[in-house]
2 protein chains.
Amino acid sequence: MNIGDAAKASGVSAKMIRYYEQIGLIPPAGRTHAGYRDYTEKDVHVLRFVRRARDLGFSVAEIDGLLQLWRNRRRRSADVKRIALDHIEDLQRRIADMQEMAATLQQLATCCSGDDRPDCPILADLEQPSAAAAKEPKRRRGAVDDRGVGKRKAQRG
Amino acid sequence: MNIGDAAKASGVSAKMIRYYEQIGLIPPAGRTHAGYRDYTEKDVHVLRFVRRARDLGFSVAEIDGLLQLWRNRRRRSADVKRIALDHIEDLQRRIADMQEMAATLQQLATCCSGDDRPDCPILADLEQPSAAAAKEPKRRRGAVDDRGVGKRKAQRG
DNA sequence: ATGGGCCTTGCCATCGTTGGAAGGTCAAGG
DNA sequence: CCTTGACCTTCCAACGATGGCAAGGCCCAT
């Protein structure tokens, strides 16, 4: 089975299959005499696992963990659950952040006449965050200066 | 005012200030005889604008548009509102996607005993998405193959 | 044998941000 | 005057996940 077929069968693009192999997320595929990657149904099965996990928003690093647990018949389901719950938390944090942004903007937009006149509460707020709209900014994007503050969880985005 | 002071005063890191200047988001700062960037209160004002917009999740491209409108005294507030509303929509789409992921995972996690035994509905679903949990996968990450399907809106994040 | 479609590798771009190296400047203290 | 340390400069690389392109090889059908 060629990489193109494996791509269609798994829903993972050929490009990404090669990439996942390169970074070691999946083991190197077999090769034909001509050097073409050769996939079995089993390989496709793995790829579908990866695809599904990506669809659920897991990072490649998390999927790596999940794959190892998947392959390990003596795994503890608690370990799997841990990864899932952490990911849910992560999602919820990001959802909350975005909801706050959306709410703030919605409020500002509601106050904006949106016509030919220049007066605009949106720009006014960007200029001088109003106490009402500002709240704690939540600074998604790290420190204020060059001198780093230590590692943060890798932010996918 | 040195770049470090401007960073502290605006909440934008020195690194990012240089970057924003480099990509043309903000005009080049003045320079001292030694080549140090020199900032005025006005410059810091602009930086704070940028910072606030980033906090609200606007992309650099969007901020560029907002800055131009900000500077243009004859702008139409409708143009500002348009950018804001588009961004809100974008946020809401992403929020919905993430909520769906979180809900699916939550459901799976609830079914997972999370103990020392290996049986795990989470892994089972990743292996073979159940009809209940799968729904329309929403494929946030593009096509199935190399041969592209055209441009999508740049995805930050 | 020729053409089209697939495969290979490799490099570049994205987006926003951080990190680091190598070197110049400035102010304070010996 | 010299050193030290904190700051500044530029340039380069990395992150994560993906798409795109190009040059060349392979395979199959006409």
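Numbers restart at 1 for each chain; the letters A, B, ... are given by sequence-line order, proteins then strands.
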Nearest-nucleotide comparison on DNA chain C, the residue closer to the 5′ end among B/A61 and B/T32: B/A61

Nucleotide of D/dC26, C/dT25, D/dT18 approaching B/A34 most closely (side-chain heavy atoms): C/dT25

Among D/dG25, D/dG16, C/dT8, the nucleotide that comes nearest once only the side chain of A/R18 is considered: C/dT8

Flag if over 12 foreign heavy atoms under 6.0 Å of CZ, B/R74: no

Of the listed nucleotides D/dC7, C/dG16, C/dT8, the one nearest the side chain of B/Y19: C/dG16

Atom-pair distance (OH on A/Y20; C1' on D/dT18), nearest Å: 9 Å

Integer-rounded Å distance: D/dC7 C1' and B/K8 NZ: 9 Å

Presence of donor-acceptor pair under 3.5 Å, side chain of B/K15 and base of C/dG20: yes

Nearest-angstrom distance from the residue atom CE of B/M1 to P of D/dC7: 14 Å

Integer-rounded Å distance: D/dT18 P and A/D55 CG: 10 Å

B/F49 and B/W70 aromatic ring geometry - parallel, tilted or perpendicular at 30°/60° bounds: parallel

Given D/dC7, C/dG16, C/dC6, the nucleotide with the shortest approach to the side chain of B/V60: C/dG16

B/F58 CZ to C/dG16 P, straight-line distance once rounded to whole Å: 13 Å

Side-chain H-bond candidate by donor/acceptor type, A/D64 with A/Q68, under 3.5 Å: yes

Which nucleotide in D/dC8, D/dG19, C/dT18 has an atom nearest any side-chain atom of B/S13: C/dT18

Short side-chain N/O contact from A/R31 to OP1 or OP2 of C/dT9, under 4.0 Å: yes

Between P of C/dC15 and CD of B/E62, the distance in whole Å: 12 Å

Pairing of A/D125 and B/R52 as salt bridge, 4.0 angstrom limit: yes

Given DNA chain D, 5'-ward residue of the pair A/H33 and A/I23, judged by closest heavy atom: A/I23

A/R37 side chain near C/dT9 phosphate (N/O to OP1/OP2, under 4.0 Å): yes

Exceeds 12 heavy-atom contacts within 6.0 angstrom, atom CZ of B/R31: yes

Whole-Å distance separating the CE atom of A/M16 from the P atom of D/dA17: 8 Å

Spacing of B/Q22 atom CD relative to D/dA13 atom P, expressed in whole Å: 14 Å

